[in-house]
Protein chains: 2
Amino acid sequence: MFDNFRKYLSDKGEFSISDFDYIESFASIKKLRKKQYLLQEGDVWKHLAFVSTGLLRSYYVDTKGYEHIMQFASENHWTGDRESLITGITSKFNIEAIEASEVILFKNVDFIKLRNEIPALNDFVSRITNKNVLALEERIYANITLSAEEKYLNFLKQHPHISNRIPQHMIASYIGISPETLSRIRSNTTKK
Amino acid sequence: MFDNFRKYLSDKGEFSISDFDYIESFASIKKLRKKQYLLQEGDVWKHLAFVSTGLLRSYYVDTKGYEHIMQFASENHWTGDRESLITGITSKFNIEAIEASEVILFKNVDFIKLRNEIPALNDFVSRITNKNVLALEERIYANITLSAEEKYLNFLKQHPHISNRIPQHMIASYIGISPETLSRIRSNTTKK
DNA sequence: AAAAACTATTGACATTTGTCAATAAATGGA
DNA sequence: TCCATTTATTGACAAATGTCAATAGTTTTT
């Protein structure tokens, strides 16, 4: 049940067996069917969520009713709503399972405690936060720099492991182009 | 010389007078003329930089020679190259003063030490990193969601204090549209 | 197995945005 | 003050992308 999680953590930091046991004593498991929500707009998010299997998406719904995907979270990635978590305000977006998924949840208060008690965990969180910032900056750079086609190719390069598990129109949403444009891009590039 | 910096820090955390003195003992001041560089592509960045007065920009130059602005940093903001700092690799972008500016520099090794010694400083850095992530996410949302005009209006809303200190074509670059398009947007919206 | 829901493709066309070029206006230095 | 540089505007046109609508294919559910 925690196999993936342990493997993931041992990859990322120096944890002892008792660290694992202790950390896991605060974890709870949530199984999600396809299309089931982990978080819905209007809820307050108070957890940290590690995806041990499956694939989720976070998306906003704009005033015209269109969805805009902010994040895909596959196995060994974290998801949640940082804004809601930090500020305590109600969430503006939804997190939904694209595939049946298993998620490990930590209450934020527990996790803060764990970070204070286990320096290796604290270091690890700092490190992935930093990596997260770099990834966000790269995404912004792609957004302001690339054409629709280049954005798509860049997406494939950045997310090779999950690109074939995501419906095309969701990739279009993530990179900020229309699904029709993406369809045409693909039929052009595969021709070549 | 450190007046702004002290005011800024006291706003953001619980620091004692001796904390200030101690922190500042590791600081160095760098004055930049307009158009002078704080960092150039190819350098390795090893500092943290707090802008006490003035305004800087960080930008990439793409393969076609076009500049793409990733960040504006005005007084009471931080700048630098996180990627280069963390990984030790050579920087891919430039940081240049748009206005004559004064910057407070900390060597990364010193700053890490300070964070370990002063919990309030460490907390404060975590907090602004979190806020930074939220800001980056908002920028991505704007990028994938808004039209050129909406991107511009959104920029004005997000950066009211600096928008009139930045040449238009740099705003265009930051939001990822051509300078001509931005000029037309402005002549349209001011007509209304 | 059939129906429903979701996903992808395609055409026709509209709209947005970019490109190139010329010019004007503003700014900064010598 | 004058010259050079930077910045902004505008027109004409091209290219990229979006929109709407129809259809087909695929997957999921009952």
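In the text below, chain A, chain B and the rest are named by the order of the sequence lines, each starting its count at 1. Reckoned from all heavy atoms, side chains included, excluding hydrogens, waters and symmetry mates.
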Check your understanding: Looking only at N and O atoms, is any donor in the side chain of A:Arg184 or the base of D:dT19 less than 3.5 Å from an acceptor on the other one?
Key -> yes

**Study point:** A:Ala120: side-chain contact (heavy atoms from CB on, under 4.5 Å) partners, not counting sequence neighbours
**Key:** A:Phe15, A:Ile118

Atom pair distance, as rounded to whole Å: [atom1] in [X] and [atom2] in [N]:
| X | N | atom1 | atom2 | value |
| --- | --- | --- | --- | --- |
| B:Glu67 | D:dT6 | CD | P | 11 Å |
| A:Ile98 | D:dT27 | CD1 | C1' | 15 Å |
| B:Glu150 | D:dG18 | CD | P | 13 Å |
| A:Glu149 | D:dA16 | CD | C1' | 11 Å |
| B:His68 | C:dG18 | NE2 | C1' | 13 Å |
| B:Ile185 | C:dT17 | CD1 | P | 6 Å |
| B:Leu146 | D:dT17 | CG | C1' | 16 Å |
| A:Met170 | C:dA8 | CE | P | 9 Å |

Which residues pass the ring-ring contact (aromatic ring centres under 6.0 Å, His included) test with [X], sequence neighbours left out?
| X | result |
| --- | --- |
| A:His169 | none |
| A:Tyr37 | none |
| A:Tyr59 | none |

[N] OP1/OP2 closer than 4.0 Å to side-chain N/O of [X]:
| X | N | answer |
| --- | --- | --- |
| A:Ser178 | D:dT17 | no |
| B:His169 | D:dT6 | no |
| A:Gln168 | C:dT9 | yes |

Point to revise | DNA chain C: 5'-proximal contact among B:Pro179 and B:Lys34 (nearest heavy atom) | key: B:Pro179

Point to revise | Residue pairs passing the side-chain hydrogen bond (donor to acceptor under 3.5 Å, both in side chains) test where at least one lies in residues 123-134 of chain B, sequence neighbours excluded | key: A:Arg82-B:Asn130

Of the nucleotides [options], which one has an atom closest to the side chain of [X]?
| X | options | value |
| --- | --- | --- |
| B:Ser187 | D:dT7, D:dT17, D:dT10 | D:dT10 |
| B:Thr181 | D:dA21, C:dG18, C:dA21 | C:dG18 |
| A:Ala148 | C:dG18, D:dT17, D:dA8 | D:dT17 |
| B:Glu180 | C:dC20, C:dT10, C:dT7 | C:dC20 |

Check your understanding: So what does A:Lys35 touch, heavy atoms closer than 4.0 Å: a base, only the sugar-phosphate, or nothing?
Key -> sugar-phosphate

Check your understanding: Contact class for B:Leu182 vs. all strands (heavy atom < 4.0 Å): base, sugar-phosphate, or nothing?
Key -> nothing

Point to revise | Minimum side-chain heavy-atom gap B:Leu146-B:Asn154 below 4.5 Å | key: yes

Check your understanding: Between the two end axes of the helix from C:dA1-D:dT30 to C:dA30-D:dT1, each built from 5 base pairs, what angle do you get to the nearest 10°?
Key -> 50°

Check your understanding: Without hydrogens or angle criteria, can the side chains of B:Ser91 and B:Asp81 be said to hold a donor-acceptor pair below 3.5 Å?
Key -> yes

Point to revise | Cation-pi geometry met for A:Arg57 and A:Tyr174 (6.0 Å, 45°) | key: no

